[in-house]
Amino acid sequence: MTDVAAGPAGPDASRILRDLKALSAIGGAAAGGVDRPAFSLAYSEAVAWLAELARRAGLRVRQDAAGNLIARLGPPDAPAVVCGSHIDSVPGGGIYDGTLGVLAGLECARALADRAAGLTKAFEVVAFVDEEGAYLSLLGSRAMAGDLDPGELAAAHGRDGRPLAAAMRQAGLDPRRVLEAARPASDIAAYVELHIEQGPVLESTPCDIGIVTDIVGLHAAELTFLGEANHAGTTPLSLRKDAFRAAAQAVTECFDLVESAFPADTRLTYGEVALAPGASNVVPGEVRLTQEIRAIRTPDIDRALAETRATAERVAALRGVGLRCEARSFDPPVAMSEDLVALIEAVAAEQGASALRMASGAGHDAQAMAKRWHSGMIFVPSAGGVSHNPAEETGPAEIERGARVLYGVVERLVSGPAT
Ligand code: HGY
Ligand code: MN
Ligand code: MN
């Protein structure tokens, strides 16, 4: 990697903070934070806002067939160094998750703009669509990396059952063309993503930034306990086929199992639950749960999946209810590029920022991009380790440090040999 003198300006953190604040108003929730799921009206408004911001910064802007927003600077035919993340949010999300990586990337573009004519590589900022999986987790980055199959696109749907295709059409996109968003390996030289850590690790150390070595794998499934709706007053407890009682016991036993018999990086989450028919005087006849299992090692995910399933089946049988388990998705654990880990570490050291190599417990667009391109991630601390929550926060000094390291890495990469 070629060493170049730092540009005169570098990234201006106050502009990133200003942009974060402006973006947080689009889809801003009454309780604070944002509600900006992919393909919603608020999301389309945010994409239009970002496109305008990027145009004003002198970038060429386009939306690809999946709905990713791509803003580009530098030679039209050279491979690009890409910075990106996402501007969609979970329900009740915070204002930094994803947005920081996109807006810090845009600020790097502003800092590079004067030198764009002399760059050997192009520079791109990408806002990937539906990272959070309102319809299909990592949709945009997986589409770009050519890692989607038509079957899962056809099956993808929102929490309310609305098909992905309908949501895309409403947002002005043609769902039949999503696979056209795939880019050849030669298009992209490297991918670098700045993101908030979303956990408590960095804050508990004296380190300024995290350098991601691996991103956890994630298995998502839907469990449906099938009992019998009955009268809540006349049916003795011993004669019920209570789907919720079975689900509650199974959930408790599965947590005990994972906590006691698996490595500490194994995570189990039941994040959505729906009871039917859902009335206070009716024994629940059906309970649907989402189950997420995450771990750094695939064998831990496989074993947790098998053992939680056996536990749920045993409890269901004990309670006289049926059980249906349906896998929804599996994203395997992914390692980041060792070259980029080393480069980020070197840049941080030059800038006097202390760095910690760490695994990411959250999923990121970088894990999809890493399947086709050298990819790396920089973490900045999350106050109190809180994320996916309106209280999510990262301070100005941390944002500035992360943006400077990102810019230092980008400068090296865009100035290096064009191959
Ligand atoms: O769920 C995740 O890990 C990420 O925030 N999309
Ligand atoms: Mn998130
Ligand atoms: Mn994120």
Side-chain angles (χ1 to χ4, degrees), residues 20 23-24 27 29 33-38 40 43 46 50 68 83-105 125-142 156 158-159 191-202 210 212 214-221 265-272 290-296 301 328-334 336 358-370 375-382 385-394 399 402 406:
L20 278 165
L23 181 51
S24 73
V34 284
D35 270 314
R36 206 166 47 222
S40 63
Y43 185 73
L50 181 63
N68 296 315
C83 275
S85 199
H86 58 99
I87 62 169
D88 63 316
S89 83
V90 292
I95 70 165
Y96 302 89
D97 179 358
T99 53
L100 175 61
V102 175
L103 296 174
V125 185
V126 180
F128 291 106
V129 72
D130 205 12
E131 192 272 351
E132 298 288 9
Y135 294 88
L136 187 60
S137 178
L138 303 172
L139 170 64
S141 42
R142 290 185 60 203
R159 286 180 188 88
Y191 175 73
V192 192
E193 180 168 353
L194 174 68
H195 205 285
I196 56 169
E197 181 207 338
Q198 307 184 271
V201 176
L202 270 178
V212 177
D214 303 87
I215 299 178
V216 288
L218 193 169
H219 186 280
D265 68 73
T266 313
R267 308 278 150 77
L268 177 69
T269 306
Y270 298 94
E272 288 178 63
T290 59
Q291 175 182 273
E292 265 200 8
I293 295 171
R294 305 191 192 208
I296 294 291
I301 297 178
R328 292 279 294 276
S329 62
F330 176 56
D331 297 310
V334 175
M336 296 291 95
M358 62 187 294
S360 170
H364 296 289
D365 293 302
Q367 76 195 72
M369 295 297 280
S375 297
M377 284 195 83
I378 302 162
F379 274 174
V380 286
S382 293
V386 174
S387 185
H388 283 185
N389 184 317
E392 179 180 279
E393 196 171 358
T394 295
I399 287 177
L406 178 70

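Everything quoted here is computed from the prediction, not taken from an experiment. Values below: every heavy atom of this structure, side chains too, minus hydrogens, waters and symmetry copies. Each ligand, and each atom within it, is numbered from 1 in the order the structure gives.
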With distance as the sole test, does [X] use its side chain to make a donor-acceptor pair with the main-chain N or O of [Y] at under 3.5 Å?
X	Y	value
Asp35	Gly92	yes
Gln367	His364	yes
Tyr96	Leu20	no
Asp88	Glu131	yes
Asp331	Leu218	no

Considering residues at least two apart in sequence or located in another chain, which fulfil the side chain to side chain contact (heavy atoms under 4.5 Å, CB included) criterion with Pro200?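 If we apply the side chain to side chain contact (heavy atoms under 4.5 Å, CB included) test to Pro200, skipping adjacent residues, the hits are Glu197.
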With sequence neighbours left out, write down each residue that passes side chain to side chain contact (heavy atoms under 4.5 Å, CB included) with Thr266, or none if nothing qualifies.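 Scan of Thr266 (side chain to side chain contact (heavy atoms under 4.5 Å, CB included), adjacent residues dropped) gives Val258, Phe262, Pro263, Ala295, Asp300, Ala304.
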Between ligand 1 and the protein, which N/O pairs fall short of 3.5 Å?
from     : atom 1 : to     : atom 2 : distance (Å)
ligand 1 : 1 (O)  : Arg294 : NH2    : 2.9
ligand 1 : 3 (O)  : Arg294 : NH1    : 2.6
ligand 1 : 3 (O)  : Arg294 : NH2    : 3.2
ligand 1 : 3 (O)  : Gly363 : N      : 2.7
ligand 1 : 5 (O)  : Glu132 : OE1    : 3.2
ligand 1 : 5 (O)  : His388 : NE2    : 3.0
ligand 1 : 6 (N)  : Glu131 : OE1    : 2.9
ligand 1 : 6 (N)  : Glu131 : OE2    : 3.0
ligand 1 : 6 (N)  : Glu132 : OE1    : 2.9

Under 2.8 Å from the Mn ion (ligand 3), how many protein N/O/S atoms can be counted?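 Under the 2.8 Å cut-off, the count stands at 3.
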Relative to each other, are the rings of Phe330 and His219 parallel, tilted or perpendicular (30° and 60° limits)?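 It falls in the tilted class, 30° to 60°.
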Scan side-chain atoms only and decide if Asp97 and His86 contain a donor-acceptor pair under the 3.5 Å cut-off.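 Side chains of Asp97 and His86: pair found under 3.5 Å.
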